[in-house]
Number of protein chains: 2
Amino acid sequence: MPENLQLELQTKALLSEAEAKEVLSHVQVKTLKRKEFLLQPGMVSQHMRFIESGALRSYTIEDDGSEHTLQLGVEGWWINDLYSYLTQQASRMFIQATEPAVLSLIPKPALDVLLRKHPGLSYYFLDKFQKAYVALQERTLEQLGNDAKDRYTRFCEQYPQLEQRFPQYMVASYLGITPEFLSQLRSKFRS
Amino acid sequence: MPENLQLELQTKALLSEAEAKEVLSHVQVKTLKRKEFLLQPGMVSQHMRFIESGALRSYTIEDDGSEHTLQLGVEGWWINDLYSYLTQQASRMFIQATEPAVLSLIPKPALDVLLRKHPGLSYYFLDKFQKAYVALQERTLEQLGNDAKDRYTRFCEQYPQLEQRFPQYMVASYLGITPEFLSQLRSKFRS
DNA sequence: TGAATTTCTTAAAGTAGTTTAATTTTCAGC
DNA sequence: GCTGAAAATTAAACTACTTTAAGAAATTCA
């Protein structure tokens with residue numbers, strides 16, 4: 001079933017078919033209905049999670065009830081609370097399916113062993129982790145320096161597939177603006 | 001000379017005195033005058049950099065001339081462009097001394113070897129890296145969710161030593177507001 | 001297919017933060 | 001201790017974004 005993960009491992013992590021199959025032998029497949037949760041506050045993230053199909057969002061809820069979107073992800077992406085996964089501490093995040101989704105989960109203990117065994121896999125995850133860090137740094141600088149219109153246009157350029165796929169209010173929450181203001185921006189943008 | 005680094009390695013990375021001395025044998029000491037640069041755009045970060053004494057700031061300059069502060073650091077902290085260091089790509093950042101400073105530099109090739117040799121050192125840097133990631137994530141959520149006043153008060157709580165030590169306009173640029181507005185916030189805060 | 005729910009839009013009034021500009025204060029370095 | 005430069009303050013006018021509210025459009029799933 002985890003065909004997309006196998007493809008990813010062979011083409012991106014440069015594993016042989018046999019190596020990829022070995023990784024897949026540890027994988028649990030998880031199916032989520034729309035609105036179902038993959039992770040909730042208080043839980044510890046026990047797996048690396050690859051999206052085979054569907055779409056998910058990770059977000060926090062503040063004391064005042066406001067939601068802040070950390071990540072939007074679709075098939076072919078990894079989604080996780082890396083903090084909770086790496087430190088094995090309780091998460092403060094929700095990860096929820098925004099469309100029916102199928103995920104491949106690699107349990108941390110199994111992955112830790114596999115990483116030592118297959119250098120290609122280590123490099124792949126090291127690279128993913130570095131890219132996650134850099135993307136976060138970019139986002140921090142973006143928020144410091146640019147107004148909402150610029151942030152939105154760059155978001156559309158950078159992630160054209162996401163802008164179509166997620167409700168506007170989630171995109172607004174990712175960008176740090178209200179859905180009403182995003183709606184205004186979009187209508188100005190069209191004319 | 002690198003006494004603070006030795007202390008850090010022995011108490012935080014839990015290295016023996018002999019191990020710490022081995023690390024120190026690879027260290028270059030660099031002295032910076034106020035306003036001197038440790039890193040500039042286009043350069044590749046070749047070292048892990050520990051602040052023995054003094055204070056530094058890392059920041060970018062946008063096309064429109066505006067500055068955005070990524071990190072403020074004082075003695076006992078590490079400061080770097082991790083992206084450039086890890087990927088060995090050209091940096092887009094400035095790192096500048098805001099006070100006369102002394103740094104201990106560990107060249108990347110030497111550190112890569114040391115990390116394999118001393119597990120304590122690996123765990124120490126893995127932990128540092130995870131914390132850097134988490135701090136960045138916190139900052140992203142902070143900026144999405146809180147207004148300037150809240151961000152400033154939390155900054156003061158979290159880093160009381162920094163608020164005193166750096167010019168206000170750098171703190172403002174770290175928080176993503178103008179120095180004028182930070183000045184207003186501060187005067188409201190006092191009364 | 002149709003009803004219920006969720007999402008999006010529009011607009012007016014309000015607010016948080018910026019800009020500009022002039023003045024004062026602080027501080028580095030001789 | 002002086003001096004020039006850098007940093008901080010203040011205030012008024014302005015703008016980007018939020019809030020509130022109400023109606024329209026789209027989507028889900030029974």
Side-chain angles (χ1 to χ4, degrees), chain A residues 31-36 54-55 57 59 62 64-69 72 96-101 142-156 162-191, chain B residues 31-36 53-57 59 62 64-69 72 96-101 142-156 162-191:
Chain A
T31 300
L32 294 175
K33 291 177 196 156
R34 200 174 101 91
K35 303 215 165 175
E36 223 177 325
R57 169 172 79 128
Y59 62 99
E62 305 296 312
D64 67 355
S66 62
E67 290 181 4
H68 303 131
T69 299
L72 301 173
Q96 188 183 34
T98 59
E99 294 174 13
E142 188 90 3
Q143 270 166 348
L144 285 179
N146 302 106
D147 65 9
K149 197 178 108 208
D150 288 356
R151 263 144 55 211
Y152 174 62
T153 54
R154 288 208 211 173
F155 177 84
C156 292
L162 300 188
E163 195 247 337
Q164 301 299 331
R165 192 110 168 237
F166 288 88
Q168 307 260 322
Y169 78 88
M170 290 189 191
V171 174
S173 145
Y174 180 91
L175 294 172
I177 55 177
T178 58
E180 293 83 358
F181 190 57
L182 180 53
S183 181
Q184 275 182 224
L185 286 180
R186 280 170 53 83
S187 72
K188 271 177 206 156
F189 209 65
R190 276 187 299 254
S191 58
Chain B
T31 301
L32 293 174
K33 291 176 197 159
R34 202 174 98 91
K35 304 215 166 178
E36 223 177 324
S53 66
L56 296 97
R57 169 172 78 129
Y59 63 99
E62 305 295 312
D64 67 355
S66 62
E67 289 182 6
H68 302 130
T69 299
L72 301 173
Q96 189 182 32
T98 59
E99 294 174 13
E142 188 90 1
Q143 270 166 351
L144 284 180
N146 302 107
D147 66 9
K149 196 179 109 213
D150 288 356
R151 264 143 53 210
Y152 174 62
T153 53
R154 288 208 210 172
F155 177 84
C156 293
L162 300 188
E163 196 247 337
Q164 301 299 331
R165 192 109 167 241
F166 289 87
Q168 308 259 326
Y169 77 89
M170 289 188 192
V171 175
S173 143
Y174 180 92
L175 294 172
I177 55 178
T178 58
E180 292 84 357
F181 190 58
L182 179 54
S183 181
Q184 275 182 224
L185 286 179
R186 280 170 54 83
S187 73
K188 271 177 207 158
F189 208 65
R190 274 187 301 253
S191 58

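Proteins come first, then strands; the chains are lettered A, B, ... in the order of their sequence lines, and each starts at number 1. Owing to the predicted nature of the structure, the values given are computational and were not obtained by experimental measurement.
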Mind checking what makes side-chain contact (heavy atoms from CB on, under 4.5 Å) contact with A/Thr178, not counting sequence neighbours? A/Glu180, A/Phe181
In B/S/- notation (B base, S sugar-phosphate only, - none; protein heavy atoms under 4.0 Å), nucleotides 25-30 of chain C written 5' to 3' is ---SS-
Shortest non-hydrogen contact from A/Leu144 to B/Gln143? CD2-NE2, 3.0 Å
Go nucleotide by nucleotide along DNA chain D from the 5' end; which of B/Lys35 and B/Pro179 gets its closest nucleotide reached first? B/Lys35
By ring pair (Phe, Tyr, Trp, His ring centres under 6.0 Å), which residues pair with B/Tyr59, not counting sequence neighbours? B/Phe94
Please report, rounded to the nearest Å, how far the C1' atom of C/dT6 is from the CD atom of A/Glu99. 15 Å
Closest heavy-atom pair, A/Thr31 versus A/Glu36, reported as atoms and distance to 0.1 Å, is O-OE1, 4.3 Å
Can you check whether B/Leu162 reaches B/Val171 side chain to side chain, under 4.5 Å on heavy atoms? no
Contact check, side chains of A/Thr69 and A/Tyr169, non-hydrogen atoms, under 4.5 Å: no
Using a heavy-atom distance cut-off of less than 4.0 Å, which residues of residues 166-175 of chain B contact DNA chain D? B/Pro167, B/Gln168, B/Tyr169
Distance-minimising heavy-atom pair for B/Gly54 and B/Arg165: O-NH2, 3.4 Å
Would you call A/Glu67 and A/Arg57 a salt bridge, using N to O less than 4.0 angstrom? yes
Shorter than 3.5 Å, N or O on both sides, protein versus nucleotides 13-18 of chain C: list them out with atom names.
from: C/dG17; atom 1: OP1; to: B/Ala148; atom 2: N; distance (Å): 2.9
from: C/dT18; atom 1: OP2; to: B/Thr178; atom 2: N; distance (Å): 3.1
from: C/dT18; atom 1: OP2; to: B/Thr178; atom 2: OG1; distance (Å): 3.1

Pairing donors with acceptors under 3.5 angstrom, does anything connect the side chains of A/Tyr152 and A/Arg186? yes
Under 4.0 Å between a Lys/Arg side-chain N and an Asp/Glu carboxylate O for B/Glu142 and B/Arg151? no
Tell me the interatomic distance from A/Arg165, atom CZ, to D/dT27, atom P, rounded to whole angstroms. 14 Å
Flag, side chain of B/Ser183 to backbone of B/Pro179, donor-acceptor distance under 3.5 Å: no
Are B/Leu32 and B/Leu56 packed together at the side-chain level, in the sense that at least one heavy-atom pair is separated by less than 4.5 angstrom? yes
Between A/Thr153 and A/Lys149 (side chain of the first, backbone of the second, donor and acceptor by atom type, cut-off under 3.5 Å), is there such a pair? yes
Quick check on the helix from C/dT1-D/dA30 to C/dC30-D/dG1: what's the angle between its two end axes, five base pairs per end, to the nearest 10°? 70°
